[in-house]
Amino acid sequence: MSQTVDRALSILPLLAEGPADLGQVAERLGVHKSTALRLLRTLHEHGFVYRQSDQRYRLGARLFALAQEAMENLDIREIAHPHLVRLNETCGHTVHLAVHEEGEVLYIDKVDSRYPVRMYSRIGKPVAITVAAVAKLLLADLPEPERRAVAEKLDYPLYTARSTPNADAFLRELAKVREQGWATDLGGHEESINCVAAPVRGADGRVVAAMSVSAPNVVVTSDELLALLPLVRRTADAISGEYSGRTPVKDPA
């Protein structure tokens, strides 16, 4: 039975490459045409494959419907939380998870620092979108015309001397973030708070969330925080792997 299931499932990635006839399926599986036909009929009955008028088979609508339903029911916060906790236990600093929704970047999870000096932030609260590291990652992933349109609509409060001053500077920063795959906020919102962030990606490679580690400079210097970037990126990759259904990346110890 397990061999039959394995063979049937092996048909799906073949058809993902494009329609194939019975002979092609049988050849790829290394089985007789009668065996391939039985497998295709079973998949067809369940809507996972569809037989075209030219007698070739392609992926069926039921498969796409199930994939869409599964994606809609994925909870990025639920998947990410254990990883955020482990990262916090390793480094001791505040860890955030954020998403981009309806024009705002919002924190959807937070694990507090173990140190007595903590940063003030709340789950559900919008971040300072022009300076926050998580916001830079989420906006940098937008297509260029959309990125530019968003940047030109924003206000640019000068929270500190290191705040992003205008749309042109913001777009340059987003281009840099997009290229390097990570972001920082080194005193751009509060002079005493630094942050490093990494993206969480879905199965299509798009950024679905961003996670960060933040700390006051009285606890660690900006250089010491930047040294944690490889750990932050490995954690984000582990979350991405689990969220997208790829083979999970092992969490950093």
Exercise for the section: Flag yes if Val131 and Leu174 sit in one hydrophobic cluster, no otherwise; membership is Ile, Leu, Val, Met, Phe, Trp, Tyr, and two members link when side-chain heavy atoms are under 4.5 Å apart. Expected result: no
Exercise answer: donor-acceptor pairs, residues 195-209 side-chain atoms, under 3.5 Å, sequence neighbours excluded:
residue	atom	partner	partner atom	Å
Arg201	NH1	Gly205	O	2.9
Asp204	OD1	Arg206	N	3.0
Arg206	NE	Asp141	OD2	2.7
Arg206	NH2	Asp141	O	3.1
Arg206	NH2	Asp141	OD2	3.3

Problem - Step-by-step salt bridge (charged side-chain N to carboxylate O under 4.0 Å, His left out) determination, Glu17 to Arg28 - result: CA-CA 12 Å; Glu17 298 171 7; Arg28 175 70 70 91; 3.2 Å; yes
Handout entry: Carboxylate-amine/guanidinium proximity below 4.0 Å for Arg148 and Glu144
Key = yes
Completion exercise
Nearest heavy-atom approach of Val105 to Ala98 is CG1-CB, 4.0 Å
Exercise for the section: Look only at the side chain of Thr42 and the backbone of Arg38, and say whether a donor-acceptor pair between them is shorter than 3.5 Å. Expected result: yes
Practice task
Evaluate the side-chain proximity of Val31 to Arg7: yes if any heavy-atom separation is below 4.5 Å, no if none is.
Solution key: yes
Exercise for the section: Evaluate the criterion side-chain contact (heavy atoms from CB on, under 4.5 Å) for residue pair Val5 and Gln3; output intermediate values, then yes/no. Expected result: CA-CA 5 Å; Val5 174; Gln3 185 181 47; over 6 Å; no
Handout entry: Approximate separation, where rounding is to 0.5 Å, of Tyr156 OH and Asn166 CG
Key = 7.5 Å
Problem - Whether over 12 other heavy atoms sit under 6.0 Å from Glu224 CD - result: yes
Fill in the blank from the handout: With sequence neighbours left out, the residues meeting side-chain contact (heavy atoms from CB on, under 4.5 Å) with Ala183 are Ala133, Lys136, Leu137, Val177
Problem - Chi angles and distances behind the side-chain contact (heavy atoms from CB on, under 4.5 Å) call for Leu40, Val25 - result: CA-CA 9 Å; Leu40 285 164; Val25 173; 4.3 Å; yes
Practice task
Drop me the distance from Leu14's CG to Glu27's CD, to the nearest 0.5 angstrom.
Solution key: 10.0 Å
Practice task
Using a 4.5 Å cut-off on heavy atoms from C-beta on, say whether the side chain of Thr130 contacts that of Pro157.
Solution key: yes
Completion exercise
Rounding to 0.5 Å, atoms OG1 (Thr164) and NE2 (His189) come to a distance of 11.5 Å
Practice task
Could you tell me whether a side-chain N or O of Asn88 sits under 3.5 Å from a main-chain N or O of His93, the two making a donor and an acceptor?
Solution key: yes
Exercise for the section: Kindly check if the number of other-residue, nucleotide or ligand heavy atoms within 6.0 Å of CZ (Arg233) is above 12? Expected result: yes
Problem - Same cluster (ILVMFWY, side-chain, under 4.5 Å), Ile193 and Leu158 - result: no
Practice task
Report whether Leu39 and Leu12 are members of the same hydrophobic cluster (ILVMFWY, side-chain heavy atoms less than 4.5 Å apart, transitive linking).
Solution key: yes
Problem - Shortest non-hydrogen contact between Leu9 and Pro13, atoms and distance - result: O-CD, 3.0 Å
Exercise for the section: Ignoring hydrogens and angles, tell me if any N or O in the side chain of Thr235 forms a donor-acceptor pair with the backbone of Leu87 under 3.5 Å. Expected result: no
Practice task
Tell me whether Tyr50 is reachable from Phe48 by hopping between hydrophobic residues (I, L, V, M, F, W, Y) whose side-chain heavy atoms are closer than 4.5 Å.
Solution key: no
Practice task
Using atom types as modelled and distance alone, determine if a side-chain donor or acceptor of Gln180 lies under 3.5 Å from a backbone N or O of Trp182.
Solution key: yes
Handout entry: Arg86 backbone acceptor or donor facing Thr90 side chain under 3.5 Å
Key = yes
Problem - Other residues, nucleotides, ligands: >12 heavy atoms within 6.0 Å of Tyr159 OH - result: yes
Exercise for the section: Drop me the distance from Leu84's CG to Thr94's OG1, to the nearest 0.5 angstrom. Expected result: 12.0 Å
Completion exercise
Nearest heavy-atom approach of Leu97 to Ala80 is CD2-CB, 3.7 Å
Exercise for the section: Heavy atoms only: give me the nearest Phe170-Ala151 pair and the separation to one decimal. Expected result: CD2-CB, 4.0 Å
Completion exercise
On a heavy-atom basis, the closest approach of Ser10 and Leu29 is CB-CD2, 3.7 Å
Problem - Thr184 side chain vs Leu186 backbone, donor-acceptor pair below 3.5 Å - result: no
Fill in the blank from the handout: Heavy atoms of Gly47 and Arg62 approach each other most closely as O-CB, 3.1 Å
Practice task
Using a cut-off of 6.0 Å, state whether more than 12 heavy atoms not belonging to Lys125 lie near its atom NZ.
Solution key: yes
Handout entry: Same apolar cluster: Val219 and Val95, side chain cutoff 4.5 Å
Key = yes
Problem - Side chain proximity check, His100 to Leu139, heavy atoms < 4.5 angstrom - result: yes
Exercise for the section: Check for a donor-acceptor pair, side chain of Arg178 on one end and backbone N or O of Ala140 on the other, with a separation under 3.5 Å. Expected result: yes
Problem - Arg56 bridged to Asp21 by N-O distance under 4.0 Å - result: no
Exercise for the section: Determine, stepwise, if the pair Thr160 / Glu190 fulfils side-chain contact (heavy atoms from CB on, under 4.5 Å). Expected result: CA-CA 7 Å; Thr160 75; Glu190 298 179 54; 5.5 Å; no
Problem - From OH (Tyr57) to CG (Leu15), nearest 0.5 Å - result: 10.0 Å
Problem - Leu154 and Ile129: CA distance, side-chain angles, deciding distance, side-chain contact (heavy atoms from CB on, under 4.5 Å) verdict - result: CA-CA 9 Å; Leu154 293 174; Ile129 198 167; 3.8 Å; yes
Handout entry: Spatial distance of atom CG (Asp168) from atom CD (Glu152) [nearest 0.5 Å]
Key = 8.0 Å
Practice task
Keeping the roles fixed (side chain from His32, backbone from Ser34), state whether a donor-acceptor pair exists under 3.5 Å.
Solution key: yes
Problem - Summary of salt bridge (charged side-chain N to carboxylate O under 4.0 Å, His left out) pairs that have at least one residue in residues 87-101, sequence neighbours excluded - result: none
Problem - Main-chain N/O of Ala175 paired to Arg147 side chain as donor or acceptor, under 3.5 Å - result: no
Problem - Any donor-acceptor pair under 3.5 Å from Glu242 side chain to Ile239 backbone - result: no
Problem - Exceeds 12 heavy-atom contacts within 6.0 angstrom, atom CZ of Arg41 - result: no
